[in-house]
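Both ligands and their constituent atoms are indexed starting at 1 by order of listing.
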Amino acid sequence: MTPACRQVAFGSKMYLSCPHAGRDWFAARAYCQGLGGELISINTEVENVWAYTEDIEGGSIWTSGNDLEAEGVWRWMDGTYVNEGYRNWAATQPNNALAGEDCAVLHSGAGDWNDIACGETMFGTGPISLICEFP
Ligand SMILES: [Ca+2]
Ligand SMILES: [Ca+2]
């Protein structure tokens, strides 16, 4: 079932990578917070490349990116705004499709981002992965 999480150092940070964790965004975030961290906030291209390469078997990976508070205003949970920094949305994303999509995943294949429904536990080829980031 769910492979074990692995702790990985990158740059000055520690991360915990959990391929195919199969949690929705809220549960994924709670899991990271319970360990003293937060879902990953992707602030640079280098961090983006690292994240999708690290979790390459992971399919779609939850990030902390969300527009839950105000539709279209994308924030990272490290307190920064997505539009004020590095971003790598897939073409036509974020599109807030269907009943609304407020949480951002990183695609491990292409390294680009998509907004999907926060309650999803599966996307594309399998259970959604997660990466926690620690201060
Ligand atoms: Ca949205
Ligand atoms: Ca979308």
- line: In this structure, the Ca ion (ligand 2) sits at the vertex of an angle between OD1 of Asn95 and OE1 of Gln93 that rounds to 10° as 80°

task: Might you work through the ring-ring contact (aromatic ring centres under 6.0 Å, His included) test for Trp76 and Trp113, ending with a clear yes or no?
output: CA-CA 13 Å; Trp76 298 115; Trp113 309 345; 5.3 Å; yes

- prompt: Got a sec: is Asp115 within less than 3.0 Å of the Ca ion (ligand 1) via an N/O/S atom?
  reply: no

query: Looking just at side-chain N and O atoms, do Glu47 and Tyr52 make a donor-acceptor pair shorter than 3.5 Å?
result: no

field: the Ca ion (ligand 2) to nearest N/O/S of Thr92 below 3.0 Å
entry: no

Vertex the Ca ion (ligand 1), arms to Asp67 OD2 and Glu71 OE2, rounded to 10°: 70°

Cys5 and Cys18 SG atoms less than 2.5 angstrom apart: yes

query: Does a side-chain heavy-atom distance below 4.5 Å link Phe123 with His107?
result: yes

query: If you draw a 6.0 Å radius around CD in Glu45, do more than 12 non-hydrogen atoms from other residues or ligands fall strictly inside?
result: no

- request: Identify, by name, the N, O or S atom of Asp102 lying closest to the Ca ion (ligand 1).
  value: OD1

query: How is the N/O/S atom of Glu101 that comes nearest to the Ca ion (ligand 2) named?
result: OE1

